[in-house]
There are 2 protein chains.
Amino acid sequence: MADTRTQWAFSKLRHMIMENELQHGQPYLEQTLATRLGISRTPLREAALRLQEEGFVDIRPRLGIHIRPISCADMSEIYDILTELEPYAARRLAEMPAPAAALDALTAHVAAMEAALSADDLRGWAEADRAFHQALIEHAGNRRAERIVSTLFDQVHRARILTLNRRSGLDRSNDDHRRLIALIRAGDGAGAADVHRTHRETARREMLVLLSEMGVDGV
Amino acid sequence: MADTRTQWAFSKLRHMIMENELQHGQPYLEQTLATRLGISRTPLREAALRLQEEGFVDIRPRLGIHIRPISCADMSEIYDILTELEPYAARRLAEMPAPAAALDALTAHVAAMEAALSADDLRGWAEADRAFHQALIEHAGNRRAERIVSTLFDQVHRARILTLNRRSGLDRSNDDHRRLIALIRAGDGAGAADVHRTHRETARREMLVLLSEMGVDGV
DNA sequence: CTGTTGGGTAATGTATACATTGGCTGTCCC
DNA sequence: GGGACAGCCAATGTATACATTACCCAACAG
């Protein structure tokens, strides 16, 4: 994929962590991981360092690399930040006003969400949902915000997948998104921000309830 | 300072960049920097990687490490994010309600700002202002938000110093902060968020005007 | 004179060697 | 039986060596 081993290892490990192929509660030693990936310690260390910066692992000297579990407190922190930054993106996009390309992308993603839901393809729905949120922040034209939101989204990925088949109100989520698109198209920044903030607050609440119901703390 | 060479180099380089001892527009080669710091390339590379993750440098393979200039567009992005996250912190702190320690810290920092202003110590004022904003986010209890805000603040440091002696209305800034403390103490989350958002929006506007007046783009 | 191509070179990406240091285990003492 | 301590060992932090590769410059063709 990427041309340097460091980049490749970074992507690979990131993917493995997100897909639970590397789990928390267990130390991974540099040499072990390096051998497992077929590279030497140098690029592995660099990849691990980047993962630490992005919040995916803790490097504890001599105790190995630890996957960071996502607790309810973490979810709460992350959703709080998303609740601030995504409505900001919605407002900005509405006030640009949003280019047709952006509206088209958002619309396509909602359509995909609806199709996935009809087909009972939860994983597909989650991916389309993610794509929707990604497109929203991407087109708002704030690179740093985009990077922050994207990283946070990836951090909650495991928890989202875990709670996916217990979630209710996925169709309401789709409706929220349709309304958001309409407001963005209408150039109503305040309205768009408002709708999306409510959407986020609801998602946050539901997610925390589900996690506590499942008795999970530390995904 | 730090015990490992990587950490030390990271702090050192970060400081040098913030204080303009390393300037943009010029490539710094790994070996050169390593020699300059009296370490080998390995820890230097790791430090540079962290700096890149935090947005302070661009590593361009074979072209050296480049200090990232902060343009008006960058300032705009950064202030936008601060404008979302800091009012959030203010609201949270007000609704906790804020512990005495937090209020004391904030009050002490405003006092320092006022004292510095009376003494015409602009640099001292800037440091106290920074400490105030830092305390605000620190006590809001969202570590990730804290880290984001802190990093962004550091990124605009050079630009802030550059415009410092042209700024007007520093006393109004102090007043804003006093009002913010009062609202936090009163437990008025919405009010606190509102005041602080306005404060941030004003700061943002002033900063961009100053930078364009000075004809600077890329600090 | 301009554009292109090829070689030299130097910076990087990566592997590896080595010293250091902190964790762990087993023993001894209380 | 529990806790302190010492020694061992392994994992890391760091330096360094080496192959690769892309940049730069010069020479050449058009």
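Convention: sequence-line order gives letters A, B, ...; per-chain numbering from 1.
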Is there side-chain contact between F153(A) and I137(A), with at least one heavy-atom pair below 4.5 Å? no

Could you tell me the separation between the CZ atom of R5(A) and the P atom of dA19(D), rounded to a whole number of Å? 15 Å

Rounded to the Å, how far apart are L49(B) CG and dG13(D) C1'? 16 Å

Is it the case that the side chains of T35(B) and Q31(B) hold a donor-acceptor pair, with the cut-off being a distance below 3.5 Å and no angle test? yes

Phosphate OP1/OP2 of dT12(D): any T4(B) side-chain N/O under 4.0 Å: no

Rounded to the Å, how far apart are D3(A) CG and dA22(D) C1'? 12 Å

According to a strict under-4.0 Å criterion, is R45(B) in side-chain N/O contact with OP1 or OP2 of dT12(C)? no

Qualifying residue for ring-ring contact (aromatic ring centres under 6.0 Å, His included) with H133(A), from H139(A), H199(A), H109(A): H199(A)

Heavy-atom donor-acceptor pair, R62(A) side-chain to dA11(D) base, under 3.5 Å: yes

From CD of E30(B) over to P of dT12(C), roughly how many Å is that when rounded to an integer? 4 Å

Which whole-number value in Å describes the distance from L44(B) CG to dG13(C) P? 12 Å

Charged N to carboxylate O under 4.0 angstrom, R147(B) versus E77(A)? no

NA contact type, E46(B), heavy-atom cut-off 4.0 Å: base, sugar-phosphate, or nothing? nothing

Side chains of D74(B) and S71(B): is there a donor and an acceptor less than 3.5 Å apart? yes

Taking for L63(A) and for T42(A) the nucleotide of DNA chain D with the nearest heavy atom, the one nearer the 5' end belongs to L63(A)

In whole angstrom, what separates D58(B)'s CG from dT12(C)'s P? 14 Å

Separation of dA15(D) P from W8(B) CH2 (nearest whole Å): 11 Å

Side chain of L29(B), heavy atoms from C-beta onward: which of dT12(C), dG13(C), dT16(C) has the nearest atom to it? dT12(C)

Rounded to whole angstroms, how far apart are NE2 on H66(A) and C1' on dG23(C)? 12 Å

Residue pair R41(A)/P61(A) against DNA chain C: nearer the 5' end by closest nucleotide is R41(A)

To the side chain of I39(A), which of dT14(D), dG13(C), dA15(C) is closest? dA15(C)

